[in-house]
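Input: a single structure, listed below in structure tokens.
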Amino acid sequence: MVNDKGIPQGSTVELHWGVYRSSPHLWQHPPAVVPEGSTKDERSGAMRSSMAPSADGRQHSITLSVPAELAPLTLGCVLRVTPPPGADGGARPHFITPLRGRHFSALIGCSPGSAAQPGPLLLPPPPAQNGAAAPAAGQARAHGSRAVVDTAPGAAAARHRPVSFAVRCRGAERVCLVLLRPQEDGEWGMVELALDPVLNRSGELWHTAVEGLHSLEGLCYGWRLEGDVSWESGSRIQPYQLLLDPCCPSLRYFPAGPAAEGSPLPLPTVELPDGRQVAALSSLDGLAADAAWQAAAARGGAPGGQPQFVPGPDHALEELRVMEVDVRTFARGREVQHPGTYLGVAERAAHIRAVGANAVVVTPCYATAKGIGLLSRAAVHLMAADPTLACDGSTSVAAAAEFRSMVSQLHEAGIEVYLMLELTFTAEGTDTQPNTLSLRGLDYGSYYRSNGVLNCGDPSMRQYLLHVLHHWAGEGVDGFCFINAENLVQDREGTVLDAPPLADAICHDPLLSRLKLIALASDDSLLPRGGARGFPHWGVWQQRNTAFGADLMAFLAEGTPGLLTTMAGRLTGSAAIFDADWEAGLPGNLAIGRRPAFAMNSITVLGRQSLAELAAEAAEVAAAANAADAALGLGTIAGAPPSAATISKSLLALAVLSLGVPIIPQDTVADLAAAHFVGVLMRLRSRLAELLLPPRFDSPRDIRWHSAVDPLVEPIWDAELAAEAVAAGHRSTNYLAFSVHGMDGQAVYVGINPHPHAVPVFLPTPPLGRVWERVVDTSLPPPEDALLQGGQPIRSTNYQINPKAVLVLQAAVLETSGL
């Protein structure tokens, strides 16, 4: 209906119209919709239908009846006004068009939808009118004449709730929502709906809502974009490529082959870590599960078979002992009934507890494929649980349910769960080897840098990643570990920032700030100020202390001289990085201090070079040095070269017993002897915490440093003086030891021999009425290498520490016979 404003009295008004789904340029005119007396304009392709004037001639109207089975679709139209003969000014026929767009649009069987958030969203059911059920869209037939929307009329159809779809993209001239339903015979039902740039767009967010969808379960969808395909535009638009919805956590895999090839449009395909080729689509299975839960809740019940969610134990940082696990490889063994799955990890909770860990960092649990990244895997979808890690293996909904079950079972065992995220390369590849799946095709210029790395400095990417983190927080994880965290500190153009907005937003987010946030940079020099103060932290972020592992390897494994001062700092919490520093003119987020427990100490990262490989290389170097000593006539001093097992255990002992939180990769405790050794170390850590692990850097404690030749003399800290001592024939200048004395005669002694030869050490006098008791000597075979109870008393004033070994003594009460 139109009024007569701007229309001369007595004018003839025609509606030039057509309906369409996939293309606004291809207007259709179903016979059931065309009013009598209409004619087609062959030049424009529009149907011309006269609009009837009202009795007073001030309004014109027309009624188009669209059968429900034709929806969803869009009605496009313009008005043609023909003034009456003799009208003022000799007016000529003209068209009335909108201020924006080529034509007016009206959505049928769909609505503008919600711009509140990207991704799919269940909307409230439409209200009933006059006591009758609200009208619903009917069957839509397209490729293969397969139904993807509801065929049931009346009250049955009214039970279906509209589904809103929204996606953010920039640079697209046209956005289409493609709904697909795979059939058992290999055919696909498909409906493609072009979104109107006026009704279905809010800024960079395109959105629509479809009514009457038939059975959300099994219904898939994707987005298709049209626009400038030149790379100079900053986009990577491929008009005939279906794109995954990056904000839909439900993903469905289809075996690559005839079934996927039968799709009317090319499907995104990836190569999984196990080598299989699959096609992927976003699905509404998750919304179907949500609707079932909501319906059950409305009836006062809940669907059966769903495990009750168990909240995390919420350990204090000082209590944490962390193990790093990979779902695919850790969930193995005789006790595992579901190998290589989330449930399999939960079935190994007893092993996690046995090695003394009360938290796990799990490698990425979102969907991954073969690619550039940790363990040669790259993200397919950051929000979708990996279907290949579930028993079902095809849908993210089943995977998400099993992931939540794993988290709950680990929580029940007192184990926190931190999810690892790698925000660098994805399975979409680079410009040299592209594989467009989602973000690349939607808005390459915002989501990626020119080298194919995710652009965490872009505001759009920042908003998306916060959405991703909120999703996984809702799945019950207790924290996140960000791999290659240096990518989070760069702005859109790659400049390193002291206060990067993404890191700031994460640690001050009301939900995320309550979780453990761990940054792991692969190159500390790419952090602000060259990494001298670590990751920008605001006093909130924890950090994998990569300097700890690097310096420990240089000192103990490689025997590099001149590192005693550095090593003393690493053993006592790396205060230069984590303690407050308000004197250097730093911004507040870098100057503010963190407690020692914010430092997370590890030698290696799971998926990179293993501890066993590092120890084997160090053993070869030590053997060569030992042989060189023998050639110089120092065979008596040299002795037998250290074994790789000794070096590996020494590195582990220092990682566990140093100030900070230890992180142990799963491969270091793969065999029974190593698991027993680490388990004893973890329990010794707890027992000696009062001496070894002060809660703050300024906490008072009696710590004393010792040389090998005289326990009352500190080591030679100055590198030049130490070099002079070596030249003078001293063979123990690199030896480092300290003791900590507490109340009531408590004391612990830790000695480290980085030399390739044994070093005789003079021990400090134990507290009065006590005797030193050996609890750890990493050069001894198991189980003598680590003793939790009944340590070996040391009644001599000296002890020979074998090459590359670590010695730990505790003060025990001196027992006198006959009393």
Side-chain angles (χ1 to χ4, degrees), residues 17-28 30 32-33 64-77 98 101 103-129 133-143 146-153 157-167 169 172 174-181 189-202 205-216 219-225 245 247-248 282-284 287-288 291:
W17 64 275
V19 296
Y20 63 89
R21 285 203 193 100
S22 59
S23 174
H25 302 293
L26 300 175
W27 284 8
Q28 305 293 323
V33 182
L64 298 180
S65 298
V66 181
E69 62 267 19
L70 297 181
L73 46 78
T74 302
L75 170 70
C77 63
H103 52 73
F104 297 101
S105 299
L107 306 176
I108 301 173
C110 53
S111 63
S114 171
Q117 66 179 45
L121 179 67
L122 275 175
L123 299 178
Q129 299 177 356
Q139 180 181 17
R141 294 187 179 275
H143 179 84
R146 303 299 178 134
V148 295
V149 297
D150 193 24
T151 59
R159 291 195 296 268
H160 296 285
R161 296 167 56 180
V163 177
S164 177
F165 301 85
V167 67
C169 58
R174 184 180 308 149
V175 176
C176 298
L177 172 67
V178 182
L179 299 171
L180 302 105
R181 189 185 297 279
M190 186 192 85
V191 166
E192 182 172 7
L193 186 62
L195 275 60
D196 185 83
V198 176
L199 298 177
N200 298 112
R201 185 175 184 180
S202 301
L205 199 66
W206 294 72
H207 45 84
T208 187
V210 182
E211 303 166 7
L213 288 172
H214 170 62
S215 179
L216 299 183
L219 184 58
C220 302
Y221 75 98
W223 295 98
R224 191 176 69 81
L225 276 58
D245 188 335
C247 293
C248 175
S282 299
S283 81
L284 298 182
L287 289 189

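This one's a predicted model, so the numbers in the text were calculated from it and none came from an experiment.
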**Report entry** SG on C220 to CG on D245, rounded to 0.5 Å
**Finding:** 12.5 Å
Could you list the donor-acceptor pairs under 3.5 angstrom formed by side chains in residues 105-122, with sequence neighbours left out?
residue	atom	partner	partner atom	Å
S105	OG	H103	ND1	3.4
S105	OG	D196	OD1	2.4
S114	OG	A116	N	3.1

Requested in this report: Please report the closest heavy-atom contact between V210 and P72, naming both atoms and the distance.
Outcome: CG1-CG, 4.2 Å
Query - Least distance between heavy atoms, L219 atom then L180 atom - result: CD1-O, 3.4 Å
Query raised in the report: Would you call V175 and C169 a side-chain contact if the rule is heavy atoms closer than 4.5 Å?
Result: yes
**Report entry** Interatomic spacing from CG in L284 to CZ in F165 - rounded to 0.5 Å
**Finding:** 4.5 Å
Query - Closest non-hydrogen atom pair, A194 against Y20 - result: CB-CE1, 4.3 Å
Query - Distance (rounded to the nearest 0.5 Å) between S215 OG and R181 CZ - result: 5.0 Å
Query raised in the report: Is there a side-chain contact between W223 and V178, using heavy atoms and a 4.5 Å cut-off?
Result: no
Report task. For W206, check ring pair (Phe, Tyr, Trp, His ring centres under 6.0 Å) against everything at least two apart and list the hits. Result -> none
Query - Point-to-point distance, once rounded to the nearest 0.5 Å, from CG of L213 to CG of L287 - result: 10.0 Å
**Report entry** Value rounded to 0.5 Å, distance of CG in L195 from OG1 in T208
**Finding:** 5.0 Å
**Report entry** salt bridge (Lys or Arg N to Asp or Glu O under 4.0 Å) against R201, all qualifying residues, sequence neighbours excluded
**Finding:** none
Query raised in the report: Any side-chain heavy atom of L75 within less than 4.5 Å of one from L64?
Result: yes
Requested in this report: For the pair L123 and V163, evaluate side chain to side chain contact (heavy atoms under 4.5 Å, CB included) and give the outcome as yes or no after the intermediate values.
Outcome: CA-CA 6 Å; L123 299 178; V163 177; over 6 Å; no
**Report entry** Spacing of CD belonging to Q28 relative to CG belonging to L73, to within rounding of 0.5 Å
**Finding:** 10.5 Å
Report task. Would you name the heavy atoms of H207 and L199 that are closest together and state the gap between them? Result -> CE1-O, 4.0 Å
Report task. Might you point out which heavy atoms bring C77 and W17 nearest each other, and give the distance in Å? Result -> CB-CB, 3.9 Å
